[in-house]
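What follows is a short report on a single structure.
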Amino acid sequence: MTAEIQPARRGVFRREDVAALAVFLLLAAIPLATSGYVVYILPQYMLLGVLAMSLALLWGHGGIVSFGQAAFFAIGAYAMGLVMKHLTGMAINSAYVGILVGTVGGGVTALLIGYFLFSAGVRAAYFVVATLALSIVVEQTVKSFSDITGGWNGLYVDRMTVTLGSWLELSLFDDAPIYYVVLAVVVPVYVIATALMRGRFGKIVVGIRENEDRMTALGFNVPMYKTLVFGLSGLLAGVAGSFYATHAQFAHPVNAGVLFSTQVVIWVAIGGRHSLLGSFVGAIVVASLSNYLSSIEEIQNYWPLVMGLIFIAVIVLFRGGLAGLVEKLAGKGAHGRAAGH
Amino acid sequence: MTQHVNSRRGSSRRAVLKGMAAAGVATIASPFVVRKLAAADPIRIGVLSPVTGAWTVYGAAHSRGFELAVEEINAAGGVLGRPIEMVLADYQTDQRLVVEHANRLIRQEKVDLLAGTFSSADRNAAGPVVKAADKLLLYPTWYEGQIKDYYPGVCNKNIFMFGPEPTQQVWPFMEYMVKNHGNKFYMIGSDYAWPKVTNLFTKEKLAELGGETVAEVYIPFNTPQYESVLRDIREKKPDIIFHSLTGSDTVNFAQQFHAAGMNKDFTYWTVDDEEVVTSGLGPEVSAGHFVSFDYFMTISHPNNKAFLQRYQAKYGADALMNTVGVGMYNAAHMGALAIAKAGKVETAAIREALKELEFADAPQGPVKMRGLDNQIVVPSYLMKVRAGWTSVNDMFEEVMTVPSVEPKDARCDLPL
Amino acid sequence: MEILVSVLADTVLITLVLAFAAFGLAIIYGLTGVINMGHGAMLTLGAYFTWWLLDQGVPFVPTVLLSALAVGLVGLAFEHLLIRHFYGRPFDTLLLTWAFFLVTTEVIKIVFGTDFRNVADPIGGDPVNLGIYQVPTYKTVVALLALAVVAGTALVFFKTTLGVRVRAMTQNREMAGLLGLNVAAMYKLVFGFGAAMAGLAGGVIAPMFAVQPYMGDMFLVRSFFVVTIGGIGQLLAGTLFGSFAIGGLETVLALFSDQVIAQIAVFFIAVIVLRFRPQGVFSGR
């Protein structure tokens with residue numbers, strides 16, 4: 001992987017904040033304006049968006065590409081399912097425990113793997129392949145321990161209920177309530193991740209991407225920062241996975257698979273890897289588009305072909321993904337730099 | 001996610017017109033009926049098919065079986081004076097997308113019921129959806145039977161099984177195979193529930209018959225190499241290779257088994273290789289394999305002759321049909337019969353009407369839906385792959401036929 | 001003794017067959033830096049061309065050569081239209097090659113259908129019985145061919161002026177350009193050759209595997225491991241060692257456990273190998 005030389009673009013941030021506000025307000029308004037399938041499916045796509053963000057902060061900011069994001073997503077999903085299934089009759093809401101275990105599980109696994117690999121200087125394509133192996137190992141493990149996980153046949157996960165002591169109990173079986181619960185998770189996740197990446201931590205991570213040797217010379221513990229950003233990324237993927245499982249009511253080994261991991265990379269590349277918001281939107285757009293294309297019966301037998309052509313068009317026409325395009329349109333003249341280099 | 005034009009709907013509309021033309025002579029005296037049919041809202045059935053992705057090889061037979069049945073039903077005037085409209089969804093052999101599309105069909109396409117999914121994993125993904133929305137799912141594939149652990153993917157009163165389970169697919173032929181080909185079984189299957197449960201039942205029966213399982217081996221999906229298994233087989237010297245690999249793996253294994261010169265040394269009994277897979281094996285590799293299923297293109301039942309004529313007229317002489325396609329075909333017809341019997345398109349009523357429903361025109365011979373556990377009673381056939389076969393039309397020769405096999409009771413809280 | 005010989009022989013065969021399947025990727029990824037997600041689709045395309053040509057009555061040997069040529073031409077066209085504009089931008093080429101996979105797979109389905117296709121073993125007959133080992137004839141031929149192809153390419157790579165130029169190009173593109181080498185043509189040549197090798201492998205292994213539109217997927221991930229574990233750009237030793245680590249090792253491990261565990265263990269070991277040889281086992285650095 002070549003280093004993507006991408007100086008911090010301070011002027012862009014304010015515009016991105018406005019865009020983020022617009023995106024989230026739009027998302028908040030959708031259930032008020034409509035109902036039915038869109039309201040059902042969007043929370044799942046938002047969670048895929050969080051998964052995409054988990055890669056964007058790693059790839060766009062840290063310059064580290066992972067083909068193993070699905071592994072952490074699946075850890076979150078299975079943790080949620082298994083905790084909700086087995087932890088019954090407790091005073092505490094088992095879904096909360098599930099989310100906690102799933103999130104921490106994703107984060108800690110990523111920390112351990114990250115430490116193991118980064119401390120030895122594994123990087124670039126070699127890191128990609130190591131994360132690919134992680135995806136395969138988690139997928140195979142989930143398949144093989146079928147007594148616990150249900151194996152290839154998958155695991156049924158209950159819809160969670162929101163409780164607050166004894167004075168609130170909100171069932172999430174209807175589309176709108178769970179929509180807003182997911183949105184209420186996604187927004188702070190985005191805000192916190194953005195704040196972190198704009199703060200000192202994020203600047204160091206970007207600095208490492210730009211010039212690792214220089215950061216080492218300046219006295220920064222490079223492997224530690226890489227490990228931390230990978231851990232953060234696993235944490236986000238874990239949150240996304242645990243909420244996804246209870247929304248879809250199903251966890252399956254494909255959630256950990258290589259194909260799914262590859263799709264995450266595609267979403268981020270389409271959305272724009274330098275922008276958390278761009279990758280979040282990218283996931284929603286690509287997932288919606290493939291859902292839509294596959295439902296058009298005229299092209300139903302070969303719609304991936306159309307999808308492939310769209311990918312080619314995106315890459316050829318606007319490098320830097322959707323975020324790059326938006327930025328270019330918004331910042332015409334103001335900034336000389338083309339996005340995405 | 002806006003509205004879109006829909007060719008299959010178009011074609012079913014054309015089919016309706018054709019049907020009306022045929023019925024036209026009879027109804028000339030009562031144009032009212034025709035007008036009513038044309039004006040009636042269609043009954044919409046969502047079909048979840050693996051059109052793309054790893055099971056794409058099965059996708060064609062799967063969706064065509066249903067499509068053909070819908071065309072026949074509409075040509076005969078529809079149900080309750082309404083045509084049936086098939087809304088096809090491609091879930092790309094991805095369980096995540098089963099959930100997406102099952103919900104899309106129900107919430108956006110407003111289908112009245114669902115049919116399809118291919119593997120048990122796909123069905124289990126759809127289980128919670130049909131439970132929550134209280135819609136029926138008609139499932140076509142041979143599968144491992146129902147165990148409460150996998151609720152709501154099985155043991156779900158809204159899911160009806162149109163394919164055989166192991167006690168129907170394997171048990172009827174155990175005695176014959178043991179008597180004629182030996183009692184030492186080497187079991188090889190893919191690493192998931194269907195092969196494992198199938199082997200569990202097979203072992204149970206084998207023990208009763210005084211046989212022995214010399215090995216039970218499971219292989220991860222998409223494995224290219226089988227050398228260590230082949231070596232193990234040579235060492236353990238079984239009489240019968242009892243085979244339940246699926247997808248590409250079954251072809252990879254059989255080809256390497258044949259290349260190792262082992263076809264002549266062992267009897268090969270597969271419960272997976274229907275027409276689609278056997279075509280992929282080719283005549284040399286598959287020659288002499290025993291295969292058992294509820295349906296084969298080569299069975300001599302008169303229903304099948306008529307069925308294949310219609311099928312091949314529509315899709316061409318080379319078009320493959322198999323147990324899953326016939327499962328879909330039966331599901332469509334029995335779904336329509338049940339709606340007619342219920343007199344309304346409403347889940348609880350159709351569910352009740354499906355129970356104990358018989359379908360005399362099923363391609364494999366008469367079938368019946370059990371009321372107790374939503375499981376089909378079907379014929380079962382043991383076939384041998386003909387040496388030097390040239391097409392699906394002469395691929396198998398009948399070894400043994402059981403006209404009707406009851407399944408073992410589902411291990412659920414019965415009745416469903 | 002007998003088991004030792006047969007495990008050894010199996011391991012060698014598996015290693016070489018996998019090396020063949022991965023070789024096209026080793027060339028494209030190793031020499032041009034393009035993360036070729038379309039490698040599996042190139043294998044599949046080679047297998048389908050082979051199936052189709054055999055069906056037209058063309059004998060086996062010209063068939064696989066024509067298949068290699070055809071896939072090579074497809075690769076060249078793809079390179080010329082798209083890839084050449086994106087060298088040095090690995091993740092754009094990753095997306096482009098993924099799109100190549102999507103498009104090619106669908107075109108295969110439209111042109112050749114979705115059913116399994118069967119390519120019969122061109123040699124046929126029983127394995128040669130050596131007493132202690134039954135030699136599977138066709139697989140052995142494929143393995144020897146793999147060895148010849150990999151070694152032959154390495155010979156060209158290390159011993160000819162063409163090879164020197166290609167190596168100069170991969171080590172320092174600007175410098176090679178300054179020295180008057182036609183870098184663009186060289187990349188094209190390498191990309192086309194890699195695609196042709198994938199097509200050749202796809203055609204040659206078709207009789208051993210299920211020919212279906214996603215056939216190459218089985219080898220895509222494995223090939224990436226082969227190339228990376230061995231060391232990117234290490235055509236001969238890297239490819240052979242990587243193939244042993246990913247393919248051969250599985251057979252050895254399956255002796256002591258079942259195949260599922262063996263497969264998990266292989267990928268686990270792959271990560272550990274990378275931990276201690278972070279640039280691949282045969283990296284120069």
Side-chain angles (χ1 to χ4, degrees), chain B residues 50-61 93 188 190-191 215-232 234-235 247-256 258-265 275-286 318-320 392, chain C residues 2-3 6-7 9-11 13-14 17-18 21 102 105-106 109 113-121 123-129 133-139 205-215 217-219 221-222 247-248 250-255 258-264:
Chain B
V51 180
T52 61
W55 301 129
T56 185
V57 287
Y58 297 104
T93 322
I188 175 166
S190 291
D191 186 29
E216 196 179 340
V217 174
Y218 296 101
I219 306 288
F221 287 114
N222 283 325
T223 294
Q225 56 212 31
Y226 293 89
E227 281 77 357
S228 44
V229 179
L230 297 181
R231 192 180 327 110
D232 196 43
R234 282 200 196 285
E235 269 167 41
S248 307
D249 295 321
T250 173
V251 180
N252 298 346
F253 173 74
Q255 260 164 352
Q256 296 181 30
H258 174 256
M262 293 166 76
N263 275 30
K264 60 182 186 316
D265 302 332
E275 285 78 356
V276 170
V277 171
T278 304
S279 310
L281 295 176
E284 280 167 38
V285 172
S286 61
D318 298 334
L320 301 186
V392 276
Chain C
E2 200 178 316
I3 188 123
S6 83
V7 168
D10 284 347
T11 309
L13 290 182
I14 289 171
V17 170
L18 184 58
L102 290 176
T105 305
E106 296 313 309
K109 280 158 68 178
T114 58
D115 296 329
F116 280 116
R117 297 300 178 189
N118 172 252
V119 175
D121 185 334
I123 297 175
D126 280 341
V128 179
N129 195 342
Y133 185 64
Q134 310 244 354
V135 184
T137 6
Y138 186 67
K139 190 176 280 183
I205 64 174
M208 301 191 289
F209 297 104
V211 178
Q212 44 96 5
Y214 299 89
M215 172 188 185
D217 287 14
M218 190 164 62
F219 290 103
V221 173
R222 282 183 171 82
E250 196 174 310
T251 307
V252 180
L253 288 173
L255 267 187
D258 65 84
Q259 198 123 356
V260 177
I261 303 289
Q263 213 172 83
I264 297 179

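Numbers restart at 1 for each chain; the letters A, B, ... are given by sequence-line order, proteins then strands.
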Task: Spacing of CD belonging to C:Q259 relative to CD1 belonging to B:I188, to within rounding of 0.5 Å - done: 7.5 Å
Open item on the list: Ignoring hydrogens, what is the shortest heavy-atom contact between C:A210 and B:Q255? Give both atom names and the distance.
Closed with: N-OE1, 3.9 Å
Open item on the list: At a heavy-atom distance under 4.5 Å, which candidate from C:P136, C:S6, C:A9 has the highest pair count against chain B?
Closed with: C:S6
Open item on the list: Counting only non-hydrogen atoms closer than 4.5 Å, does B:V277 touch chain C with its backbone (N, CA, C, O), its side chain (CB onward), both, or neither?
Closed with: both
Task: Option in C:R117, C:E106, C:Q263 with maximal non-hydrogen atom pairs under 4.5 Å from chain B - done: C:Q263
Open item on the list: With a 6.0 Å cut-off (strictly less than), is the heavy-atom count around CD of B:E284, excluding the residue itself, greater than 12?
Closed with: no
Open item on the list: Out of C:G124, C:A262, C:P207, return the one with the most heavy atom pairs under 4.5 angstrom to chain B.
Closed with: C:P207
Open item on the list: Is B:V276 close to chain C through its backbone or its side chain, or both, or neither, when contacts mean heavy atoms under 4.5 Å?
Closed with: both
Task: Region of C:V7 that comes under 4.5 Å of a non-hydrogen atom in chain B - done: both
Open item on the list: Just verifying a value: how many Å separate B:E227 CD and C:I14 CD1, rounded to the nearest 0.5 Å?
Closed with: 3.5 Å
Open item on the list: Under 4.5 Å from any heavy atom of chain B, what part of C:V211 do you find: side chain, backbone, both or neither?
Closed with: neither
TODO: Counting only heavy atoms closer than 4.5 Å, note whether C:F209 contacts chain B via side chain, backbone, both or neither.
DONE: both
TODO: State, to 0.1 Å, how close B:S228 and C:A254 come at their nearest heavy-atom pair, and which atoms those are.
DONE: OG-CB, 3.6 Å
- [ ] Heavy atoms only, distances under 4.5 angstrom: which of C:I3, C:D10, C:D126 has the most pairs with chain B? Name it, please.
- [x] C:D10
Open item on the list: Using every non-hydrogen atom in the two residues, find where C:N118 and B:L281 come nearest and quote the distance to one decimal.
Closed with: ND2-O, 2.9 Å
Open item on the list: Within the 4.5 Å heavy-atom criterion, are C:K109 and B:T52 side-chain neighbours or not?
Closed with: yes
Open item on the list: Which atoms of C:E2 are under 4.5 Å from chain B, going by heavy atoms: the side chain, the backbone, both sets, or neither?
Closed with: neither
- [ ] Please determine, among C:T251, C:D115, C:V17, the option with the most heavy-atom pairs under 4.5 Å with chain B.
- [x] C:D115
Open item on the list: Does atom CG (B:D318) have a neighbourhood of more than 12 heavy atoms from anything else shown, all under 6.0 Å?
Closed with: no
Task: Stepwise side-chain contact (heavy atoms from CB on, under 4.5 Å) test for B:N252 and C:M218 - done: CA-CA 11 Å; B:N252 298 346; C:M218 190 164 62; 3.5 Å; yes
- [ ] Could you tell me whether the side chains of C:Q212 and B:S248 share a donor-acceptor contact shorter than 3.5 Å?
- [x] yes
- [ ] Identify the two heavy atoms, one from B:A259 and one from C:D121, that lie closest to each other, and give their separation to 0.1 Å.
- [x] CB-OD2, 4.5 Å
TODO: Taking the side chain as every heavy atom from C-beta outward, state whether C:L18 and B:Q225 have any pair of such atoms under 4.5 Å apart.
DONE: no
TODO: Would you check if B:Y218 and C:D258 make a side-chain contact, meaning some heavy-atom pair closer than 4.5 Å?
DONE: no
Task: Inter-residue atom distance C:F116.CZ - B:L320.CG, 0.5 Å rounding - done: 11.0 Å
Task: Close side-chain approach of B:P224 to C:R222, heavy-atom, < 4.5 Å - done: yes
Task: B:T250 versus chain C, the contacting section by heavy-atom distance below 4.5 Å - done: neither
